[in-house]
S.K.: 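First, the structure itself, so that you have it in front of you.
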There are 2 protein chains.
Amino acid sequence: MQQPNPVLSALGDAGKRLTIARRAVAEAITEQAGHFTAEDVLAASRLRRRAVARATVFRSLDLLVDLGLVERVDLPSGDHAYVACEPDAHHHHVVCSACGRSVEVGELGLRPILERIESSTGFAIDSHRLELFGLCPECRATAASKRSA
Amino acid sequence: MQQPNPVLSALGDAGKRLTIARRAVAEAITEQAGHFTAEDVLAASRLRRRAVARATVFRSLDLLVDLGLVERVDLPSGDHAYVACEPDAHHHHVVCSACGRSVEVGELGLRPILERIESSTGFAIDSHRLELFGLCPECRATAASKRSA
DNA sequence: CGCTAGATGAGACTGAATCGCAACTAGACG
DNA sequence: CGTCTAGTTGCGATTCAGTCTCATCTAGCG
């Protein structure tokens, strides 16, 4: 297992050191199916051979957010979570409210809407945040079978 | 000054008691230009003759959120804030990233986009959250004049 | 006026997130 | 391959928003 881990190579590209702690965080992140909290990463690192200090997890996460490899989302519950995502392209996340799995969706024609808002309010909109919550196909199926039981 | 305060009358309609603490919170909220944090309300209540306990501020805020008189927004900074808003109609908020002032915008044709996402991802989207950040007209003007100076 | 469910205040408590600082190490350089 | 040092890390203390408990209080009704 060399390291096809995109998080690590991106760190290298950014001129950051590839420390043991960062490898551990990167691994913990890439094995998460959907969104995860800082605490999840912390717990995952502890299950592996290398535990990472809480402060370091936060520092690494901040770094990854800066690099655009990870994004912060605020769950409807108010909790803070993160999702791994492709850098560069502007996109949004659809988060399953049952299992937490998340998928990215592309830019999806929001632009004309933003322009409409800009002209009607006079605001110069420079950032937005669209978070979508619902049930993923699997959880819909589960919910449906439970209901019929 | 009787009480044309919409927050208070809505509380009454919902069968809730109009206590002194709630009046204080309602006043603090209605005098906020834009978004505000729980701490802001707390501070505002202290400046007036009637200080409200921290726990009560949170309880009142939760209540107002339930009644749809106030909405929670998560600032890009990660802070939790609230915005007063009209109940009932589905809408979104545009928040000025400089002064915090916020205005509501209506439903704005997001529906077709949501449908597109549902069919492409298989998710059943049941809630979404769109928060827009940018400069309000006043702050744009201020920024522009500063830049030319 | 008196009653009672609902509301409040005070402050202890929780848990996430941050900070400061000494110790460590990745990676550059000779 | 050894040395050097800025970037990192770990640890523990700390902060701070938000919650909880419970005794006390009161809005609003009859």
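Computation of the quantities below employed the complete heavy-atom set of this structure, encompassing side-chain atoms and omitting hydrogens, waters and symmetry-equivalent molecules. Reminder, nothing fancy here: chain letters follow the sequence lines and each chain counts from 1.
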S.K.: What does the B/S/- profile of nucleotides 22-30 of chain D look like, 5' to 3', with a 4.0 Å heavy-atom cutoff to protein?
M.R.: ----BBS--
S.K.: Looking only at side-chain N and O atoms, does B:R22 come under 4.0 Å of OP1 or OP2 in C:dA7?
M.R.: yes
S.K.: Among residues at least two apart in sequence or on other chains, which ones pass side chain to side chain donor-acceptor pair (under 3.5 Å) with B:T37?
M.R.: B:D40
S.K.: Rounded to whole Å, please give me the gap between CG in A:L63 and P in D:dT8.
M.R.: 7 Å
S.K.: Is there a side-chain polar atom (N or O) of B:H80 under 4.0 Å from OP1 or OP2 of D:dA17?
M.R.: no
S.K.: Parallel, tilted or perpendicular for A:H92 and A:H128, by the 30°/60° rule?
M.R.: tilted
S.K.: In whole Å, I'd like the distance from the CG atom of A:L11 to the P atom of D:dG7.
M.R.: 16 Å
S.K.: Taking the side chain of B:A38 as heavy atoms from C-beta outward, which of D:dG18, D:dG10, C:dG9 is closest to it?
M.R.: D:dG18
S.K.: Between atom CZ in B:R46 and atom P in C:dA10, what is the gap in whole Å?
M.R.: 11 Å
S.K.: Whether the side chain of B:E118 engages the backbone of B:I125 through a donor-acceptor N/O pair (distance < 3.5 Å, no angle test) should be reported.
M.R.: yes
S.K.: Quick one: on DNA chain D, does A:A21 or B:R54 contact a more 5' nucleotide (nearest heavy atom)?
M.R.: A:A21
S.K.: Kindly state whether the ring of B:H80 and the ring of A:H80 have centres lying under 6.0 angstrom apart.
M.R.: yes
S.K.: How far apart are the C-alpha atoms of B:E71 and B:H91, what are their side-chain angles, what is the distance that settles it, and do they pass the side chain to side chain contact (heavy atoms under 4.5 Å, CB included) test?
M.R.: CA-CA 10 Å; B:E71 213 162 90; B:H91 61 262; 3.8 Å; yes
S.K.: What integer distance in Å separates A:D79:CG from C:dA17:C1'?
M.R.: 14 Å
S.K.: Would you mind classifying the nucleic acid contact of A:A51 as base, sugar-phosphate or nothing, using non-hydrogen atoms under 4.0 angstrom?
M.R.: sugar-phosphate
S.K.: What is the distance, to the nearest angstrom, from the CZ atom on B:F58 to the P atom on C:dA7?
M.R.: 19 Å
S.K.: Using whole Å, what does the distance between atom P of nucleotide D:dT9 and atom CG of A:L42 come to?
M.R.: 14 Å
S.K.: Where the side chain of B:A55 is concerned, which of D:dT9, C:dT18, C:dG11 is the nearest nucleotide?
M.R.: C:dG11
S.K.: Does B:R72 or A:V52 map to a spot on DNA chain D nearer the 5' end, using the closest nucleotide for each?
M.R.: A:V52
S.K.: So B:E138 and B:R101, do their side chains get closer than 4.5 Å, heavy atoms only?
M.R.: yes
S.K.: Rounding to an integer number of Å, can you tell me how far A:E39 CD sits from C:dT14 P?
M.R.: 16 Å
S.K.: Do the side chains of A:R129 and A:E131 get close enough for a salt bridge, i.e. N-O under 4.0 angstrom?
M.R.: yes
